[in-house]
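To start, the structure under review is shown below, and the notes come after it.
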Amino acid sequence: MPEGDDVTNPIGPVDATRVPRYGGDTTFARLPRLTDVPDADVVVWGVPFDSGVSYRPGARFGPNHVRQSSRLLRPYNPALDVEPFGRVQVADGGDLGVNPFDLDEAIATVESGARELSGTRRRLLTVGGDHTIALPLLRVQHERHGPVAVLHFDAHLDTWDTYFGAPHTHGTPFRRAAEEGLIDFAHSAHVGIRGPLYARLDLDESEKLGFAAVHCRDFARQPLDEIIERVRTRLGDRPVYVSLDIDVLDPAFAPGTGTPEAGGLSSMQLLEVLRGLDGLNVVGADVVEVSPAYDHAEITGIAAAHVVYELLSVLPVGGR
Ligand SMILES: N=C(N)NCCCC(=O)O
Ligand SMILES: [Zn+2]
Ligand SMILES: [Zn+2]
């Protein structure tokens, strides 16, 4: 976002020292709604949609669960010495109305909804929803930036071709995006890949598309700083789109998700890698696959809320 475009006196979250957190409207981090501010630089919004899942359903309830779990977030992020809600106007854009019975229509609605909401300059942080929505979101990023460097956090490759013959599912968005030329593969990577695959070919195909991969097992052997450096080097100075499937976390840290895999990242590791993106040109992000019916004590919701918070903290904006 060009310097000088940022709102000089952003309206922040409701003050928790005056209005207790457990009451009142449930917006993300108790931020103002988009309709209650003159304009916003960054919009957190929800896409309640889960008609693309292959196993457990329920991610359609993700956006409101993440909002509910975000009420304890505070304005100052000491890890990056930044006030993510204080330097630009961040607002909650509400939820998109998406057809749960027609997947193609849903994808078109997400695309037009994201296009309209982002306008000419707003950055979007989308809370899903299942991973199917990454495809229309990437289309809109591509319109603005050309092929983007995709940093894909996930246990899964999501570069599979079809499920039951269907091209649009939560396991296939990056294959479709590759076919449409939306991704700058020289600068893209998966992070957190693990678990059983259908065949060795799955990895080969992802590699052939051009994705680099930081496997989850690498985290057991390599220091975090080296992993962050690998990621930063890969992304370079390209416009970066972050697509983050919450199942990149171990089920101990994110039980509330549709296709959990053992042996995943801890919240601490994930948040540190996200902080490591500071200074890069992050142009937008999604956080998907939170399925609250399988959550307990808001464990997954809180993890997702903190992920959104760290992403907001590294968005490159003027007047930090
Ligand atoms: N994108 C997510 N979360 N999962 C994809 C898993 C697809 C499968 O069932 O093999
Ligand atoms: Zn996944
Ligand atoms: Zn995924």
For the pair C216 and I193, evaluate side-chain contact (heavy atoms from CB on, under 4.5 Å) and give the outcome as yes or no after the intermediate values. CA-CA 5 Å; C216 213; I193 298 303; over 6 Å; no

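- Atoms CZ and CG, on R175 and L157 in that order, are 10.0 Å from each other to the nearest 0.5 Å.
- Under the salt bridge (Lys or Arg N to Asp or Glu O under 4.0 Å) criterion, R234 pairs with no residue at all, not counting sequence neighbours.
- The closest donor-acceptor contact from the side chain of D50 to the backbone of G58 lies under 3.5 Å.
- Two residues are said to be in side-chain contact when any heavy atoms from C-beta on lie closer than 4.5 Å; Y241 and I183 fail this criterion.
- Residues V231 and V240 share a single hydrophobic cluster, defined by chaining ILVMFWY side chains whose heavy atoms lie under 4.5 Å apart.
- A distance of 4.0 Å separates CG of L135 from CZ of R139, quoted to the nearest 0.5 Å.
- Minimum heavy-atom separation, F253 to P255: C-CD, 3.8 Å.
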Evaluation steps, side-chain contact (heavy atoms from CB on, under 4.5 Å), between I133 and T126: CA-CA 9 Å; I133 67 172; T126 308; 4.1 Å; yes

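- Residues V308 and F28 are in side-chain contact: their nearest non-hydrogen atoms beyond the backbone lie under 4.5 Å apart.
- Within a 6.0 Å radius of CZ in F61, no more than 12 heavy atoms belonging to other residues, nucleotides or ligands are found.
- Across L270, V288, V191, a single residue satisfies side chain to side chain contact (heavy atoms under 4.5 Å, CB included) together with L244, and that is L270.
- The side-chain contact (heavy atoms from CB on, under 4.5 Å) check on L72 picks up R21, R74, with sequence neighbours excluded.
- Of the possible polar contacts, none joining the D245 side chain to the D154 backbone as a donor-acceptor pair under 3.5 Å is found.
- Residue pairs meeting the ring pair (Phe, Tyr, Trp, His ring centres under 6.0 Å) criterion with at least one partner in residues 121-152, sequence neighbours excluded, are H131-H152, H131-F174, H152-F174, H152-H190.
- The pair D92-R67 counts as a salt bridge, with a side-chain nitrogen and a carboxylate oxygen less than 4.0 angstrom apart.
- Residues E261 and A155 come closest through the heavy atom pair CG-CB, 3.8 Å.
- The shortest heavy-atom contact between A40 and A91 is CB-CB, 3.9 Å.
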List the steps and the verdict of side-chain contact (heavy atoms from CB on, under 4.5 Å) for V82 and D278. CA-CA 11 Å; V82 68; D278 196 31; over 6 Å; no

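- Here the shortest heavy-atom pairing between S291 and G258 reads CB-N, 4.3 Å.
- Between the side chain of R71 and the main chain of G23, a donor-acceptor pair closer than 3.5 Å is present.
- Annotation: side chain of R123 is in contact with side chain of V283 (closest heavy-atom distance under 4.5 Å).
- To the nearest 0.5 Å, atom CG of residue L280 and atom CG of residue D237 are 9.0 Å apart.
- With sequence neighbours excluded, no residue satisfies ring-ring contact (aromatic ring centres under 6.0 Å, His included) with Y294.
- Legend: residues meeting side-chain contact (heavy atoms from CB on, under 4.5 Å) with D104, ordered by chain and number and at least two apart, are D102, H168.
- Side-chain N or O atoms of R194 include one that pairs as donor or acceptor with a backbone N or O of A262 at under 3.5 Å.
- A distance-only check finds a donor-acceptor pair linking the side chain of D218 to the backbone of H215 [under 3.5 Å].
- The pair R176-E179 counts as a salt bridge, with a side-chain nitrogen and a carboxylate oxygen less than 4.0 angstrom apart.
- A continuous path of ILVMFWY side-chain contacts below 4.5 Å connects L124 to L96, so both sit in one hydrophobic cluster.
- Side-chain contact check for V273 versus F153: some heavy-atom pair is nearer than 4.5 Å.
- Heavy-atom contacts from other residues, nucleotides or ligands closer than 6.0 Å to CG of D15 number more than 12.
- Sorted by first then second residue, the ring pair (Phe, Tyr, Trp, His ring centres under 6.0 Å) pairs that include residues 69-102, not counting sequence neighbours, are F85-Y309.
- The backbone N or O of R217 sits less than 3.5 Å from a side-chain atom of R221, completing a donor-acceptor pair.
- The distance from atom CG of L235 to atom CZ of R238, rounded to the nearest 0.5 Å, is 11.0 Å.
- In this structure, the side chains of V242 and V282 come closer than 4.5 Å at one or more pairs of heavy atoms.
- Within the model, atoms OG of S313 and CG of L271 stand 10.0 Å from one another, a figure rounded to the nearest 0.5 Å.
- In this structure, I302 is not a member of the same hydrophobic cluster as I299, with clusters built from ILVMFWY side-chain heavy atoms closer than 4.5 Å.
- One hydrophobic cluster, built from ILVMFWY side chains closer than 4.5 Å, holds both F219 and V248.
- Counting only distance, with no hydrogens or angles, the side chain of E180 and the backbone of A177 share no donor-acceptor pair below 3.5 Å.
- The only member of H306, R275, E310, E83 that meets side-chain hydrogen bond (donor to acceptor under 3.5 Å, both in side chains) when paired with N77 is E310.
- Salt bridge status for D25 with R33: present, with a side-chain N to carboxylate O gap under 4.0 Å.
- Atom CG of L151 is separated from atom CG of L274 by 8.0 Å, given to the nearest 0.5 angstrom.
- Under a 3.5 Å cut-off, the side chain of D184 and the backbone N or O of A149 do not form any donor-acceptor pair.
- Heavy-atom minimum distance, P147 versus G181: CG-O, 3.8 Å.
- Closest of all the heavy-atom pairs between G128 and P63 is O-CD, 3.3 Å.
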Please walk me through it: do V214 and I227 pass side-chain contact (heavy atoms from CB on, under 4.5 Å)? CA-CA 8 Å; V214 180; I227 286 183; 4.0 Å; yes

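- The side-chain heavy atoms of D247 and H156, taken from C-beta on, include a pair separated by under 4.5 Å.
- Residues D295 and H65 have side chains that bring a donor and an acceptor to within less than 3.5 angstrom of each other.
- When hydrophobic clusters are built by joining Ile, Leu, Val, Met, Phe, Trp and Tyr residues whose side-chain heavy atoms come closer than 4.5 Å, directly or via intermediates, L249 is grouped together with I228.
- Ionic pairing of D39 and R122 is present here: one or more N-O contacts between side-chain nitrogen and carboxylate oxygen are shorter than 4.0 angstrom.
- Of the possible polar contacts, none joining the T257 side chain to the P260 backbone as a donor-acceptor pair under 3.5 Å is found.
- At a threshold of 4.5 Å between non-hydrogen side-chain atoms, the residues R144 and R115 do not count as touching.
- Between R200 and D204, at least one side-chain N (NZ, or NE/NH1/NH2) sits under 4.0 Å from a carboxylate O, which counts as a salt bridge.
- A distance-only check finds a donor-acceptor pair linking the side chain of T27 to the backbone of L31 [under 3.5 Å].
- Checked for salt-bridge contact, D130 and R60 miss the test: no charged N lies under 4.0 Å from a carboxylate O.
- Here the side chains of V110 and T132 are not in contact, with every heavy-atom distance at 4.5 Å or above.
- Side-chain contact annotation: Q89 with D41, donor-acceptor N/O pair under 3.5 Å absent.
- Two rings, from Y198 and W160, have their centers less than 6.0 Å apart.
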